[in-house]
2 protein chains.
Amino acid sequence: MAEEENEFDDLEDEEEEEEEEDEEFDYESDLDYKIENVVATVTVEITEKIDLNQIARKHAEVEYNPERFPGLVMRIEKPRATILIFSTGKMVVTGLRKAAEAERVVDKVVKNIRKAGIKLANPEITIQNIVASGDLHTNIDLNMAAIVMEYAMYEPEVFPGLIYRMQDPKTVFLIFSTGRIVCTGAKQKEIVRDAVKKLNQQVRDLGVAKKELDSSDYQDITFI
Amino acid sequence: MAEEENEFDDLEDEEEEEEEEDEEFDYESDLDYKIENVVATVTVEITEKIDLNQIARKHAEVEYNPERFPGLVMRIEKPRATILIFSTGKMVVTGLRKAAEAERVVDKVVKNIRKAGIKLANPEITIQNIVASGDLHTNIDLNMAAIVMEYAMYEPEVFPGLIYRMQDPKTVFLIFSTGRIVCTGAKQKEIVRDAVKKLNQQVRDLGVAKKELDSSDYQDITFI
DNA sequence: GGTTTTTATAAATAACTATTTATAAATGTC
DNA sequence: GACATTTATAAATAGTTATTTATAAAAACC
């Protein structure tokens, strides 16, 4: 199986190491974030368009309603992922936590498709999106943030988070008043890290943090 | 108004000359075809997304049903064209017979949009598709053609024409048993000409023409 | 017999259908 | 109060909605 654009074999040991901890922790820069979802696409070589009904007949557990959506939905475990399969042979893999898992998922899916009598070859995987959640460890004044941060949007009656479109690296953050964040739009884990690092710096530099409470402060207030 | 990618001012005199004849006729190579439809896209600079309802209120004759399709339909005369206008400011112009007309059409449309109080600037036009019809002046054995022509598809119970996907130039032909043809997919008129010329040559070379009847033969048969 | 619709082709435009995932506030239901 | 759903974000996938235009055969309707 050829690999495309993203070399991640050499990342595998590193990610397995991360798996031993609850959250990825970059000690070097004290960043607190964790990759929660990885979306990949897969292309294959086929001799003709796939009849998705053929797969639906062979695997009863898949979902396929072509009047509603042209893709067939296949869910697998170990690793857990959901795959959309299209008649062009192209697929979308969602729900991964580690990019390296994509290969094992695709192996299983290709096997399932072949079991239905469909011939395909040379799957190629591309990571398309990485979603990470994290914590800035400080409350945020979102009204202030919406004013001083360029490319920021905050409408609390519509959604409780501030939407911040970081230009470089080109990612989008959801920033909540609790200091919790979601980072999305990156295609490589290094870009996620760079973006999260930059956000931590910006939050400090722009002075949008509220007074930072640690847990002992909370307990004192609770007992009073 | 900036022009993009397709230089067609210098073609205008040539096309006006063509207008004096029923069909464009390339005497040099005896090609018989005529451009029937030109599709162009337009991009503009806007400061924020356009509220298409604003245009629909100002111009009662437009069509706008956002639950069905996100574009507003505007039809104009002189030259006659239909324009799809989207909230992003992008537009599709269809129904043109000459690429050079696009500029006048866009001038009118931009005026109409500005009348509704919407600000936009710097429209840029790109020709996206040209449709031409033509005549090979020989009947065609479509069953034979489907066999000897690569990238050809013919299913008479589904559609009476043969679909031929010419690779270079990348265009698509509909070829009918009467010898009538439709050429589509080109973005420049020169490409249309090249493609039609090549098809004429291929039809002769491959021997898929049936006996060519001229009008005197027809009349003799009719009287008998 | 005339008219209409469908079959097919290309191209651009964009929103919806579906999938996943964290975040959090509001709303509705039980 | 617990649970479910919605609001919002990104990304890929693809068919549908709509527009135009020539070509022609079949089917349906008047």
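Each chain gets a letter, A, B and so on, in the order the sequences are listed, and its residues count up from 1.
T41(A) contributes no side-chain N or O that forms a donor-acceptor pair with the base of dA12(D) under 3.5 Å.
With respect to the salt-bridge test (charged N to carboxylate O, under 4.0 angstrom), the residues E101(B) and R80(B) do not qualify. With salt bridges taken as basic N to acidic carboxylate O contacts below 4.0 Å, one links E36(A) and R97(A).
E155(A) comes within 4.0 angstrom of no nucleic acid atom, judged by non-hydrogen atoms across all strands. Within the 4.0 angstrom heavy-atom criterion, only backbone atoms of the sugar-phosphate kind lie near V172(A); the bases stay farther away. Among the heavy atoms of the strands lying under 4.0 Å from L174(B) is at least one base atom, whether or not backbone atoms are also near. E157(A) comes within contact range of no nucleotide atom at all, as no heavy-atom separation falls under 4.0 Å.
Within the structure, a side-chain polar atom (N or O) of K170(B) is placed less than 4.0 Å from OP1 or OP2 of dA11(C). For R97(B) and dT20(D), the shortest distance from a side-chain N or O to OP1 or OP2 is not below 4.0 Å. Within the 4.0 Å cut-off from OP1 or OP2 of dT9(C), at least one side-chain nitrogen or oxygen of R165(B) is found. Look at K49(A) and you'll find a side-chain N or O under 4.0 angstrom from OP1 or OP2 of dG15(D).
Few gaps surround CZ on R114(B); more than 12 heavy atoms of other groups in view lie less than 6.0 Å from it.
Taking every heavy atom of residues 75-94 of chain A and every atom of DNA chain D, pairs under 4.0 Å involve L84(A), F86(A), S87(A), T88(A), K90(A), V92(A), by number.
Map A132(A) and P70(A) each onto its nearest nucleotide of DNA chain C; the residue landing nearer the 5' end is P70(A).
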